[in-house]
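Read through the structure below, which is laid out as structure tokens, and then see the notes.
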Amino acid sequence: MPELPEVEVVRRGLERWVSGRIVADVQVLHPRAVRRHIAGGEDFGARLKGHRIGLAQRRGKYLWLPLSDLGEAGHVPAPPGTAPRPVVAAPEYVQYEGAAPSHDAPHGPTRERTPLRRGRSADSPSAVLAHLGMSGQLLVQPQDAPDEKHLRIRVRFSDALNTELRFVDQRTFGGLSLHEMSPDGLPDVIAHIARDPLDPLFDDDAFHEALRRRRTTVKRALLDQSLISGVGNIYADEALWRARLHYERPTTGFTRPRTAELLGHVRDVMNAALAVGGTSFDSLYVNVNGESGYFDRSLDAYGREGEPCRRCGTLMRRRPWMNRSSYFCPRCQRPPRVTS
DNA sequence: ATGACCACCTGCGAGC
DNA sequence: TGCTCGCAGGTGGTCA
């Protein structure tokens with residue numbers, strides 16, 4: 001369910017309320033909630049226990065919590081040539097300044113704007129990777145709060161803060177998993193996920209070339225996480241409406257200015273959503289404190305079937321598309337001449 | 001190799 | 001009241 005802005009809101013909440021704390025105990029209440037971990041939920045929990053949670057990171061719709069070693073055995077040593085250094089300050093000292101987090105590639109172009117050097121953590125060889133799927137939530141709750149109906153995983157910490165981290169997921173499409181970090185600072189299993197459009201190192205030209213190479217249509221391309229990550233059904237429809245592009249428009253003929261304009265709209269709509277806490281239609285998307293975002297009030301396309309286009313007044317339409325829906329203005333977003 | 005589809009789940013609202 | 005159907009923010013595996 002959540003797309004980049006919603007996941008980023010959650011990441012910020014984790015950074016504020018969870019990073020820096022030490023895992024005391026993990027309870028796995030539903031086996032599907034722990035993914036790709038053959039040894040099972042109990043082993044998953046045992047491997048987290050005693051580790052300090054590093055700075056929450058995100059790429060696209062994935063987020064992860066690096067685990068730092070407190071000195072126990074059984075960990076991959078730091079990569080050669082990288083001096084270990086302390087990962088995190090206490091939560092109170094963590095600051096975050098902008099809408100454009102930078103994740104890795106500390107040797108990349110020196111355009112880093114964040115004061116925090118969040119990058120490859122030499123002393124964090126493994127990480128807990130989280131994907132929220134369609135209905136997942138990460139909540140920081142008081143320990144005595146009643147269990148949510150779909151509570152799947154509970155993480156307790158070894159401090160006196162009296163809050164715990166909960167993974168709640170109605171449909172169980174999401175989950176947590178444990179992974180080694182690859183040399184470029186990502187959990188190994190998400191190496192195929194492209195940078196997201198808010199990443200300062202996103203390569204606009206490479207994206208344009210990839211669009212032209214692909215024989216596909218524009219909405220499929222926007223949803224392809226190996227080309228551009230973080231875009232889902234809502235923000236794809238919103239960006240296409242802003243760019244006046246029909247979702248079935250082939251990408252092959254895209255000019256550089258057209259790609260640039262589309263990317264600009266993707267970034268604008270995501271930043272606008274981020275500024276108001278993301279999009280919530282119901283209680284299924286909330287931040288770590290259980291609060292909804294307000295961007296649903298600002299949607300121009302998604303969910304507006306039968307309502308007037310905010311640009312031209314024509315009634316908006318919904319079309320079944322890939323087992324989901326596409327919302328568009330039939331006048332502003334003309335279909336391509338040849339639709340297969 | 002690339003592109004297109006569907007299974008994986010639970011719940012809710014509409015219609016009968 | 002209660003059934004069935006369609007629909008929901010995503011992804012990976014599999015098929016052509």
Side-chain angles (χ1 to χ4, degrees), chain A residues 1-10 29-36 58-63 129-138 148-152 167-177 179 187-194 196 209-240 247-248 250-252 266 269-270 273-274 276-287 292-299 301-306 318-327 339-340:
Chain A
M1 144 199 111
E3 305 179 34
L4 186 153
E6 293 75 41
V7 177
E8 173 61 17
V9 169
V10 171
L29 302 164
H30 191 300
R32 269 179 64 88
V34 170
R35 295 307 178 92
R36 317 183 217 220
R58 180 187 58 73
R59 174 172 285 194
K61 303 170 200 170
Y62 286 88
L63 50 85
L129 181 68
H131 196 286
L132 302 179
M134 292 282 270
S135 55
Q137 305 175 342
L138 284 164
E148 291 76 8
K149 182 173 181 189
H150 301 293
L151 177 62
R152 308 304 191 192
F167 178 66
V168 175
D169 190 7
Q170 175 196 109
R171 295 174 72 182
T172 65
F173 287 176
L176 307 187
S177 51
H179 300 283
D188 49 16
V189 295
I190 61 164
H192 65 290
I193 301 294
D196 59 64
E209 295 305 327
L211 274 191
R212 290 183 57 89
R213 261 196 316 272
R214 292 263 175 139
R215 273 170 298 139
T216 187
T217 49
V218 64
K219 186 169 173 182
R220 281 185 164 86
L222 285 177
L223 295 184
D224 185 337
Q225 306 294 302
S226 68
L227 289 181
I228 180 171
S229 68
V231 184
N233 207 32
I234 296 178
Y235 297 105
D237 279 4
E238 293 300 309
L240 290 171
Y247 57 97
E248 296 276 36
T251 57
T252 317
V266 170
V269 72
M270 284 183 164
L274 202 41
V276 295
T279 301
S280 306
F281 301 119
D282 50 41
S283 60
L284 278 190
Y285 165 69
V286 290
N287 69 13
S292 292
Y294 294 103
F295 197 67
D296 59 312
R297 300 170 194 180
S298 307
L299 294 175
Y302 191 85
R304 298 197 66 243
E305 180 184 23
R318 181 183 79 86
R319 286 283 176 277
W321 183 84
M322 299 269 297
N323 289 325
R324 41 220 311 205
S325 296
S326 279
Y327 296 87
T339 325
S340 58

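Convention: sequence-line order gives letters A, B, ...; per-chain numbering from 1.
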field: CA sep, side-chain torsions, deciding dist, call: Tyr327(A), Arg304(A), side chain to side chain contact (heavy atoms under 4.5 Å, CB included)
entry: CA-CA 7 Å; Tyr327(A) 296 87; Arg304(A) 298 197 66 243; 5.6 Å; no
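Judged by distance alone, the side chain of Asn287(A) and the main-chain N or O of Gly293(A) form no donor-acceptor pair under 3.5 Å.
For dA8(C), its base sits under 3.5 Å from the side chain of Arg171(A) at one donor and acceptor pair at least.
Both stacking criteria are satisfied for Phe173(A) over the base of dG10(C): a centre-to-centre distance under 5.5 angstrom and an angle between ring planes under 30 degrees.
When heavy atoms are screened at a 4.0 angstrom cut-off, Asn233(A) is found touching the sugar-phosphate backbone but no base atom. Within 4.0 Å (heavy atoms only), Tyr302(A) reaches sugar-phosphate atoms of the nucleic acid but no base atom. Nucleic acid contact for His30(A): none, since no nucleic acid atom lies under 4.0 Å from a heavy atom of the residue. Residue Phe295(A) is classed as having no contact, given no heavy-atom separation below 4.0 Å to the nucleic acid. Using a 4.0 Å heavy-atom criterion, one finds that Ser325(A) contacts the sugar-phosphate atoms exclusively.
Taking atom CG of residue Asn323(A) and atom P of nucleotide dG13(C), one finds them 18 Å apart after rounding to whole Å. Look at CG on Asp282(A): it is 17 Å from P on dC7(C), rounded to the nearest Å. Residue Trp321(A) contributes atom CH2, which lies 19 Å from atom C1' of dG6(C) at whole-angstrom precision.
Checking dG12(C), dG9(C), dA8(C) against every side-chain atom of Arg36(A), the shortest atom distance belongs to dG12(C). Residue His131(A) places its side chain closer to dG10(C) than to any other of dG10(C), dA8(C), dG9(C).
A donor-acceptor contact closer than 3.5 angstrom links the side chains of Arg32(A) and Thr172(A). In the model, Thr279(A) has no side-chain atom that pairs as donor or acceptor with a side-chain atom of Asp296(A) under 3.5 Å. The closest side-chain donor-acceptor pair between Glu3(A) and Tyr285(A), if any, does not fall under 3.5 angstrom.
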- request: Dot-bracket notation for DNA chain B is requested: 5' to 3', Watson-Crick or G-U wobble pairs only, both distances under 3.5 Å, with ( ), [ ], | and . as defined.
  value: .|||||||.|||||||
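Listed in residue order, the members of residues 212-227 of chain A having a heavy atom less than 4.0 Å from DNA chain C are Gln225(A).
Between Tyr62(A) and His131(A), the ring planes lie perpendicular to each other; the angle is over 60°, past the 30° to 60° tilted range.
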Output a table of nitrogen or oxygen pairs between the protein and nucleotides 14-16 of chain C separated by less than 3.5 Å.
none

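Taking for each of Tyr327(A) and His192(A) the nucleotide of DNA chain C with the nearest heavy atom, the 5'-most of the two is the partner of Tyr327(A).
Residue Arg152(A) forms a side-chain contact (heavy atoms from CB on, under 4.5 Å) with just one option from Leu176(A), Asp169(A), Val168(A), and that option is Asp169(A).
Here Lys219(A) pairs with Asp237(A) under the salt bridge (charged side-chain N to carboxylate O under 4.0 Å, His left out) rule; sequence neighbours left out. With sequence neighbours excluded, the residues forming a salt bridge (charged side-chain N to carboxylate O under 4.0 Å, His left out) with Asp224(A) are Arg214(A), listed by chain and number.
Scanning DNA chain B 5' to 3' for nucleotides with an atom closer than 4.0 angstrom to a non-hydrogen atom of chain A gives a first and last hit of dG3(B) to dG11(B).
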